[in-house]
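Report on the structure given below.
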Amino acid sequence: MTPSAAYRQLKAILTENDLPDLRFHDLRHTFATYALANGVDAKTLSGILGHTKASFTVDTYTHTTTDMYRKATKSSAAA
């Protein structure tokens with residue numbers, strides 16, 4: 001499949017399912033954020049995404065979620 005065909009297929013799936021307009025790169029950001037939020041460590045995630053440094057992965061491809069803040073608050077309160 002060519003990149004343009006994959007792009008058109010993604011757009012068709014989004015439209016058919018009344019989903020927001022996304023790019024493949026948006027899915028990468030979402031995956032990285034949810035992977036970290038669900039316990040995948042940064043080093044493993046950086047390997048999955050093909051990065052050499054976990055810090056680059058965390059700084060570039062993730063967004064802090066409300067759940068991550070809650071978990072951090074609970075962890076520090078329990079200590």
Side-chain angles (χ1 to χ4, degrees):
M1 180 179 282
T2 65
S4 60
Y7 181 79
R8 284 191 305 274
Q9 185 66 30
L10 171 65
K11 295 302 178 182
I13 290 168
L14 294 171
T15 301
E16 290 168 10
N17 292 285
D18 197 30
L19 295 169
D21 188 32
L22 299 170
R23 303 166 299 158
F24 278 109
H25 199 75
D26 299 327
L27 299 175
R28 183 177 173 93
H29 282 261
T30 301
F31 168 76
T33 300
Y34 280 100
L36 282 176
N38 286 289
V40 176
D41 66 275
K43 183 69 174 167
T44 300
L45 183 58
S46 69
I48 292 169
L49 296 174
H51 301 147
T52 55
K53 294 185 177 184
S55 61
F56 177 82
T57 302
V58 173
D59 291 343
T60 306
Y61 287 95
T62 61
H63 312 284
T64 306
T65 65
T66 304
D67 287 341
M68 293 167 97
Y69 278 121
R70 280 191 205 120
K71 285 179 184 176
T73 302
K74 286 180 184 177
S75 294
S76 61

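Quick caveat, the model's predicted, so the values are computed rather than measured. Atoms considered below: every heavy atom in the structure, side chains included; atoms not considered: hydrogens, waters and symmetry mates.
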Quiz item: Among pairs that include at least one residue of residues 33-47, which meet salt bridge (Lys or Arg N to Asp or Glu O under 4.0 Å), considering only residues two or more places apart or in two chains?
Solution: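 Every pair satisfying salt bridge (Lys or Arg N to Asp or Glu O under 4.0 Å) with a residue in residues 33-47: there are none.
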Quiz item: Is L10 reachable from M1 through a run of I, L, V, M, F, W or Y residues, each pair having side-chain heavy atoms under 4.5 Å apart?
Solution: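 M1 and L10: separate clusters.
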Self-check item: Same apolar cluster (I L V M F W Y, side chains within < 4.5 Å links), F56/L36
Solution: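 Linked within one cluster.
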Quiz item: Residues two or more places apart in sequence or in another chain: which of them pass salt bridge (Lys or Arg N to Asp or Glu O under 4.0 Å) with R8?
Solution: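 If we apply the salt bridge (Lys or Arg N to Asp or Glu O under 4.0 Å) test to R8, skipping adjacent residues, there are no hits.
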Quiz item: Do you know which two heavy atoms are closest between A42 and V58, and how far apart they sit?
Solution: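 Minimum heavy-atom separation between A42 and V58: CB-CG2, 3.6 Å.
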Exercise. Any pair with a residue in residues 9-20 that passes side-chain hydrogen bond (donor to acceptor under 3.5 Å, both in side chains), sequence neighbours left out, goes on the list, sorted by first then second residue, please.
Key: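 Matches after skipping sequence neighbours: K11-D21.
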Quiz item: L49: what forms a side chain to side chain contact (heavy atoms under 4.5 Å, CB included) with it, not counting sequence neighbours?
Solution: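 Expected list: R28, F31, A32, L45, H51, T57, Y61.
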Quiz prompt | Atom pair NZ/CG of K53 and D59 - distance to nearest 0.5 Å | solution =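 That separation rounds to 11.0 Å.
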